There are 2 protein chains.
Amino acid sequence: MFSKTCKYGLRAVLYLASQAQEDHKLGVKQVAAALEVPQPFLAKLLQQLARVQIISSAKGPNGGFYLSDKNLVANLRQVVECLDGPDVFSSCILGLPSCSSANPCPLHQQAVAYRNSLLDVMERQTIREVAQRIGAPEYAQSPLSLLIKKDNQP
Amino acid sequence: MFSKTCKYGLRAVLYLASQAQEDHKLGVKQVAAALEVPQPFLAKLLQQLARVQIISSAKGPNGGFYLSDKNLVANLRQVVECLDGPDVFSSCILGLPSCSSANPCPLHQQAVAYRNSLLDVMERQTIREVAQRIGAPEYAQSPLSLLIKKDNQP
DNA sequence: AGAATAAAAGACTTTTTTATCTTTTTTTTA
DNA sequence: TAAAAAAAAGATAAAAAAGTCTTTTATTCT
Ligand code: FES
Ligand code: FES
């Protein structure tokens with residue numbers, strides 16, 4: 001559905017949101033190891049997100065990536081649009097050059113409903129809200145949660 | 001969302017469903033020209049669909065592709081699963097190795113709802129039902145419809 | 001100031017996806 | 001039965017995505 005870049009990005013953002021703070025930044029190495037994604041690839045992608053200030057970063061010793069309070073109240077839509085381009089939520093499901101109710105493909109009407117529900121998933125909740133769930137008991141078995149646990153053990 | 005292969009495949013299937021019959025088969029050349037997609041690429045993809053009998057084909061003069069009555073009452077889900085693999089409708093939105101409510105990522109609950117609405121789009125209606133809409137007046141402006149019109153003009 | 005740390009930037013490689021080309025097989029019809 | 005038509009199959013090429021490596025720049029700490 002999303003590209004790998006985008007999936008890695010979303011996971012990294014959620015991981016950072018739940019594990020890093022301004023006074024406890026995380027380096028690419030740590031994030032890459034925790035999420036088990038290729039390190040230099042993740043680096044590039046985090047830099048991309050930092051450049052447009054979806055996440056925050058600092059160079060030098062004790063530098064790394066984190067989410068500021070401002071970053072945390074944004075939503076995941078921008079992460080997706082930054083990494084997979086702005087058309088993900090507006091292009092035709094059959095790949096036709098335009099998508100509008102004035103110019104619909106035979107799946108348009110239904111496709112719009114599904115697309116909006118995806119948009120809703122990515123837009124309705126703040127990053128903070130989504131990230132908070134990672135630690136919640138219902139999510140204890142989630143691979144993302146497990147990674148974080150593992151990470152916190154010595 | 002879907003791969004290009006898949007989009008081309010869906011468009012081709014809908015085009016064939018609305019324009020071809022057993023006694024009026026269409027060659028790859030015609031379909032490719034009408035949909036403006038690369039011909040040899042479409043050929044391969046149609047062959048893939050024909051191999052698993054989602055569409056029908058015949059060799060030789062007057063041969064080509066078409067949808068049998070049986071093909072027409074099937075749905076588009078199988079087209080997608082044939083071309084993009086069987087996991088499209090069941091894999092985690094964040095790309096985690098498993099996706100289940102026993103093992104949810106923080107987006108799982110909402111993601112499932114959206115995924116089901118996509119599945120619904122592709123599964124609820126028969127190919128015939130979807131294809132019939134191509135000719136309907138509401139869809140007169142759709143690129144797919146326009147292509148068909150163009151195609152029918154001398 | 002100098003060394004160390006870590007992001008930023010950019011060049012490069014590999015893999016996958018998308019696209020093209022060629023040959024073979026089957027079927028029809030003259 | 002020979003020629004033509006069209007799918008089937010498979011080899012090859014180009015483009016895009018994914019992944020790696022190297023150098024530069026900024027920051028902190030000693
Ligand atoms: S035109 Fe195809 S989804 Fe809107
Ligand atoms: S576990 Fe992520 S969508 Fe189900």
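Chain letters run A, B, ... following the sequence lines, proteins first and then strands; every chain starts at 1. Owing to the predicted nature of the structure, the values given are computational and were not obtained by experimental measurement.
Of all nucleotides in DNA chain D having an atom under 4.0 Å from a heavy atom of chain A, the first and last in 5' to 3' order are D/dA18 to D/dC29.
Contacts of A/Lys7 classified as side-chain contact (heavy atoms from CB on, under 4.5 Å), with partners at least two apart in sequence or in another chain: A/Phe2. Shown here are the side-chain contact (heavy atoms from CB on, under 4.5 Å) partners of A/Gln53, two or more places apart in sequence or in another chain: there are none. With sequence neighbours excluded, the residues satisfying side chain to side chain donor-acceptor pair (under 3.5 Å) with B/Arg124 are B/Asp120. Shown here are the side-chain contact (heavy atoms from CB on, under 4.5 Å) partners of B/Thr5, two or more places apart in sequence or in another chain: B/Ser3, B/Phe41, B/Leu45, B/Leu83. For the side chain to side chain donor-acceptor pair (under 3.5 Å) test, no residue two or more places apart in sequence or in another chain qualifies with B/Gln109. Residues satisfying the side chain to side chain donor-acceptor pair (under 3.5 Å) test with B/Ser68, not counting sequence neighbours, are B/Asn71.
The list of salt bridge (Lys or Arg N to Asp or Glu O under 4.0 Å) pairs with a residue in residues 41-69 of chain A, not counting sequence neighbours, reads A/Asp69-A/Arg128. The list of ring-ring contact (aromatic ring centres under 6.0 Å, His included) pairs with a residue in residues 63-93 of chain B, not counting sequence neighbours, is empty. Sorted by first and then second residue, the pairs that involve residues 101-138 of chain B and meet ring-ring contact (aromatic ring centres under 6.0 Å, His included), not counting sequence neighbours, are A/Tyr114-B/Tyr114.
Of the residues near DNA chain D, A/Tyr8 and A/Pro61, the one whose nearest nucleotide (by heavy atom distance) lies more toward the 5' end is A/Tyr8.
Computed from C1' positions of five pairs at each end, the angle between the two local axes of the helix from C/dA1-D/dT30 to C/dA30-D/dT1 equals 0°, rounded to 10 degrees.
Between the NE2 atom of A/His24 and the C1' atom of C/dA6 there is a distance of 15 Å, rounded to whole Å.
Residues A/Gln30 and A/Gln19 have side chains that never bring a donor and an acceptor to within less than 3.5 angstrom of each other.
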* Using a cut-off of 4.0 Å between protein heavy atoms and nucleotide atoms, how would you tag nucleotides 7-15 of chain C 5' to 3' with B, S and -? -> SBB-B----
